[in-house]
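These notes are about the structure you will find just below.
All ligand and atom numbering here is 1-based and tracks the order in the structure.
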Amino acid sequence: MTMPGRFITLEGVDGAGKSTHLGFVADWLRQRGKEVIVTREPGGTPLGETLRELLLHREMAADTELLLMFAARQEHLAALIQPALARGAWVVSDRFTDASYAYQCGGRGIAAGRIAALESWVQHGFAPDLTLLFDVPPEVAEARRSAARTADRFEREADSFFNRVRNAYLDRARAEPGRIHVLDARQPIEAVQAEIGQLLQGLA
Ligand code: TMP
């Protein structure tokens, strides 16, 4: 299905600094006359935000976590992302399916095939047009996480968990270099944003 709008996702381990750049991406596009919808996963719809509360704060089995991520994603696609793209808006999402591969497969150890099965069920081949992967070494992400407010269920995970998440993200970027662009988020903000601007230019 070809849609007139574009779908951009931001990814990275907790503490990589992606949220800082979300507003920049939205402003850059709005300054060029695009209608922009900023959203996030898990979340983005009333039901998705309720699922987010459970996902971030309630203990559950890894498979339950994966299924709830995709339940929230199904609702997000049907109620917000696809209607917005269909009317020509640009959608910028703080995380999407790459996070399920990174966290539930890389972090929790669920087989990639299970995630791929849910992805094809829910997305029918739909994928972001551009994914910005904010990458920082584990110790930098850890320092930023410790400085942040109260940790949620993911942020309380051990360093080894985040190392696996980071490596899973980098593996995906190697497998899909045309879509996923790795940004060295240790650089000064202006340098990262100059790179982001160039990538958006290629899409606009
Ligand atoms: P956030 O803190 O970046 O808003 O993301 C919430 C948490 O949810 C984050 O720790 C990563 C996690 N997450 C997954 O584990 N799998 C997913 O598919 C998504 C979208 C997020």
Side-chain angles (χ1 to χ4, degrees), residues 7-23 25-26 38-45 47-81 91-123 126-128 131-136 138 140-142 144-172 180 183 185:
F7 183 39
I8 299 171
T9 59
L10 278 65
E11 299 280 0
V13 298
D14 298 85
K18 73 185 156 47
S19 304
T20 313
H21 299 291
L22 195 69
V25 171
V38 175
T39 186
R40 67 174 179 182
E41 286 208 349
T45 65
L47 177 62
E49 291 294 327
T50 301
L51 293 172
R52 178 185 178 92
E53 276 306 301
L54 298 174
L55 280 159
L56 265 47
H57 303 294
R58 291 281 285 269
E59 289 311 316
M60 63 184 76
D63 284 336
T64 312
E65 180 180 285
L66 174 65
L67 290 164
L68 288 181
M69 289 290 178
F70 270 93
R73 184 161 297 134
Q74 171 70 79
E75 192 63 19
H76 198 198
L77 281 163
L80 189 130
I81 298 174
V91 178
V92 183
S93 185
D94 189 341
R95 300 193 187 281
F96 193 63
T97 305
D98 293 307
S100 299
Y101 283 98
Y103 282 78
Q104 280 67 53
C105 175
R108 305 270 190 238
I110 296 178
R114 295 221 160 151
I115 298 168
L118 290 167
E119 180 182 21
S120 87
W121 179 4
V122 168
Q123 293 168 227
F126 173 81
T131 297
L132 305 173
L133 173 54
F134 295 92
D135 184 60
V136 285
V140 176
E142 212 282 313
R144 289 185 187 167
R145 279 196 301 276
S146 332
R149 39 161 194 77
T150 339
D152 63 37
R153 203 164 60 80
F154 291 96
E155 290 160 345
R156 286 197 300 270
E157 286 292 339
D159 292 355
S160 55
F161 176 88
F162 288 105
N163 290 343
R164 294 195 300 277
V165 170
R166 181 194 189 202
N167 289 331
Y169 267 134
L170 292 173
D171 284 347
R172 288 192 62 74
I180 306 178
L183 295 137

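- Each of the atoms 3 (O) of ligand 1 lies under 4.0 Å from some heavy atom of Lys18.
- Set against the non-hydrogen atoms of Ser100, the atoms of ligand 1 under 4.0 Å away are 17 (C), 18 (O).
- Heavy-atom proximity to atom 3 (O) of ligand 1, evaluated over Arg40, Arg95, Arg108, is greatest for Arg95.
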Side chain to side chain donor-acceptor pair (under 3.5 Å) assessment of Arg73 paired with Ser100: CA-CA 10 Å; Arg73 184 161 297 134; Ser100 299; 2.9 Å; yes

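- Residue Arg52 touches ligand 1 through its side chain alone, judged by heavy-atom distances below 4.0 Å.
- An N or O contact shorter than 3.5 Å links Gln104 to ligand 1 by distance.
- Within a 6.0 Å radius of CZ in Arg114, other residues, nucleotides and ligands contribute 12 heavy atoms or fewer.
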Trace of the salt bridge (Lys or Arg N to Asp or Glu O under 4.0 Å) decision for Arg108 with Glu157: CA-CA 10 Å; Arg108 305 270 190 238; Glu157 286 292 339; 2.8 Å; yes

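- The aromatic rings of Phe96 and Phe126 lie perpendicular to each other, with more than 60° between the two planes, well past the 30° mark.
- Shown here are the ring-ring contact (aromatic ring centres under 6.0 Å, His included) partners of His76, two or more places apart in sequence or in another chain: there are none.
- With a 4.0 Å heavy-atom cut-off, ligand 1 is reached by the backbone of Glu41 and by its side chain too.
- By the criterion of a heavy-atom distance under 4.0 Å, neither the backbone nor the side chain of Glu65 is placed next to ligand 1.
- Distance alone, capped at 3.5 Å, is enough to place a donor-acceptor pair between the Arg153 side chain and the Leu55 backbone.
- The pair Arg144-Glu155 fails the salt-bridge criterion, with no side-chain N (NZ, NE, NH1 or NH2) lying under 4.0 Å from an Asp/Glu carboxylate O.
- Ligand 1 lies nowhere less than 4.0 angstrom from a heavy atom belonging to Arg153.
- Considering backbone and side-chain N/O of Asp14, one or more are found under 3.5 Å from N/O of ligand 1.
- For the pair Glu155 and ligand 1, the shortest N or O to N or O distance does not fall below 3.5 Å.
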